[in-house]
Every structure is written in structure tokens, then in C-alpha cells.
J.: 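My structure is below; once you've seen it, I'll send some questions.
In this chain, numbering begins with 1 at the start of the sequence shown. Counting starts at 1 for both ligands and their atoms, following the listed order. Bear in mind that the values here come from a model prediction, so they are computed numbers and not experimental data.
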Amino acid sequence: MALVNEHFLKLSNNYLFADIAKKVNAYKVSHPKTEVISLGIGDVTQPLCPAVIDAMHKAVDEMAEKATFRGYGPERGYDFLREAILKNDFQPRGIHLDPSEIFVNDGAKSDTGNIQEIVRWDNSIGVTDPIYPVYIDSNVMIGRAGIMQDGKWSNVTYFPCTAENGFVPELPDHRVDMIYLCYPNNPTGTVLTKDELRKWVNYALRNDAIIFYDAAYEAYIQDETIPHSIYEIKGARKCAIEFHSYSKTAGFTGVRCGYTVIPKELKAVTLDGKEQVELNHLWDRRQSTKFNGTSYISQRAAEAIYTPEGKEQVKQTIDYYMGNAKIMTESLRKMGFTFYGGENAPYLWVKTPHGESSWRFFEQLLYGASVVCTPGVGFGPSGEGYFRLTAFGEREQCKEAMRRIEEWI
Ligand SMILES: *Cc1c(COP(=O)(O)O)cnc(C)c1O
């Protein structure tokens, strides 16, 4: 019999959202008449904007004609989209990248999970805690994370982000080769200032480390001083790979499109120390072997976000979600909760009252107010004692959920 990759067996079978669904279903069975409102799952609810829909219709029509039909596209993405990305997401911030440094993809999950393939399995990794689970799990699968002991992976350095340090991770006191940062952060909704991010870039430059920077929520930043891209920091081109996604920016969770930036200056070294290799080249090689591009229709849809109408429409939807966040913020403040985020991200990270555990509070909220939250501990050990609320719901549901919590509290 063939042997399995036993690293997969180390992964927890208890997927957070499956556990939540099970508990919610049990509640629904015993309370059939109650309508449960979810402030839990991180999917969007508002439809694609008209500019995107028009572009997709047009692209579909092109596919119907022999003269304009498109088959396999370029693996790095179509030039029209990569040019629009450079012109709109980077040039206005003084960042000058080459189209060959942009890799269009089918969303940030694939690339944040796959990127670790292009560096050796025995590099050390560091993650902020709590964290988006993809970063660690993808490293577990290749054997880089070690084994699970007392809720932590033995070969992973955790940078705790808690109220005690204001959700600003502290630099490690030892060398870490690969560092995952996500800002604005899922799940905490917090951000890093330029100075705080600069410390990480400088650490990476000093230690020849690589930063994997997930900017999936960049479009939600309201404060003009907060960096949208790590390349706003000097030197980041030499040490950082950045991931973008249209999923949260423009409701593309079902369309699938995003992009990854790998500057040509970013290099890693061979084991014998003799050769420095461009990671851009390795990722290109990897993608051309394992990936056949994002659909033409999705890429035309993404391009439409950068038109004047597209920009305005996307902003309206983001304003809608951030309007929900404001309602939730005001309500939580009134009730006396201690919470973070919700200003530059669609997430609120709330301390459980009286130091209760995340899961205990989850059940109390479900049974007391018929509202679903996400237990913070599901995102890592430092998430214990917190829960996450998302602003991705419908306005009326969001208001009703807060009304119920106020009544219950
Ligand atoms: C939602 C999300 C993404 C985006 O995933 P897609 O695959 O692009 O839909 C990436 N990173 C984080 C932290 C997210 O929450």
C-alpha cells in the first residue's frame, strides 16, 4: 500500500466553523421558532456591483464568438488587469512595481497556502496569534510546524496579540525565517501603523527573513496614515511577498480573483550558501506547473473595479459594511464591552465579560440572544477570552442582533 503524508494526520479534524455549525444546529432543533442571526462567518452578503456585472456579461459574450473567444490565458494574468493593478493599487502610493512582479490568482487563500512550497521545509516560521488558520495549516501539511503540544505547534513561534500589548506583536528574540503578518487583521480587526510595520521590515532585513503579508482587508482602511501595502515601507521589496484579494474588497468570494506581489529583489539562498535565487522566478515556475490561470471572465470583472464607476460602487458597499461596524461599535460601547477593531476592518474583537472562556460565552450568547459569534480561541491560543463579530451582515439583521444582545445583557 502507498504511504500517506502523515503530516496531514496532525491537523485538527475539528474545523472551527464546522463546530460552530453543529452547535447552532443543536440550538435550532430545540428552538425551532427562533430566528438565529449570525455575526460569525466571514463571507460577504452584498451582491457584485453593476460595473462588475456589466464587465462579466461582456466577457461572456466575447467567449461566445470565435473571433473573441479566449482559451488558456497567460499564467501570471492578463496584461489589462496587471496594468490596472499597478496604476491603481500601487502608483498612487509611490510604489513602482513591474507587471512581471504581479501574479493574478484565484484568491488569496490558494497563494497564502501554497507560497511556502518555494522555500525549504526546515525553515522556521512565526505567526501572529490569533491568526487566519491557513498560514499554519499549510505549513503543518509539509511538516514545517512540528507537532501540536498544549494548543501550540512545536516549531512555530507565536507572536501574541492581546489587549496587554495593544495588539501590536513584539519582535522575536531569535531568528525566524518566515513571518506571516495580516493587516488589517483577521480576526482582531486591528491595524499596524507605518512605524510598527517598519520594525518588522527592518527585522526581516537584518535577519534575512521573509515576510508574507496578507493585505486582504486593505480596502477597509479608513485612517489615511495606515499603510495599505507593506511596500510603502522602505526595504520591503527585499523581504516581503504581499497577497491581495478581491473577495472582501468587491464581494468576489464566489467569483475568485486576487493577486500576489513578488518583487524581483526578493531572494533566498541555497543550503550551501553559494547561490541567491529570485523567489519571483521560483513562484513563476511553480505556477506555470500547477496553475492554469484565473478565468478571463473573473479577470475582466476585477478590471472593472478600477473604473471610475467601479471604484465608486465598491466604495459604497464597503461603506455599508463599515456602517454596520459603526452600529455594532456604538452598541458594544453602550453595553460596556471591551473591544478592538471595527475602525479599519470589518471585524470586532471583543473581550468576553467576567473573563469567561470563548466557547462558554459563545453558548451563552447563542442561548441568551440567538446570536452567533466566533469563539476567539478558534483562531489560536491568544484568542481565548475573546470572540469575533463580523460586519458583513445585512443592516437590519445587524441592528436586530445588537438589540437582542442589549436586551439579554
Ligand atoms: C477572506 C480572507 C482572504 C481571502 O481569501 P480568498 O481566497 O481571496 O477568498 C485572505 N486572507 C484572509 C485573512 C481572509 O480573511
J.: Less than 4.0 Å between a side-chain N and a carboxylate O, is that true for K326 and E343?
T.: no
J.: Assess R70 against Y78: is NZ or CZ under 6.0 Å from the centre of the six-membered ring, and within 45 degrees of the ring's axis?
T.: yes
J.: Hey, is R403 close enough to E407 for a salt bridge, meaning N to O under 4.0 Å?
T.: yes
J.: Within 45 degrees of the axis of the six-membered ring of Y306 and under 6.0 Å from its centre: does K87 put its NZ or CZ there?
T.: no
J.: Can K23 be said to sit on top of W359's aromatic six-ring, NZ or CZ under 6.0 Å from centre and within 45° of the ring axis?
T.: yes
J.: Is the ring centre of F339 less than 6.0 Å from the ring centre of F337?
T.: no
J.: Anything with a heavy atom under 4.0 Å from ligand 1 counts, so go ahead and list those protein residues by chain and number.
T.: G107, A108, K109, Y132, Y135, C182, N186, D214, A216, Y217, S245, S247, K248, R256
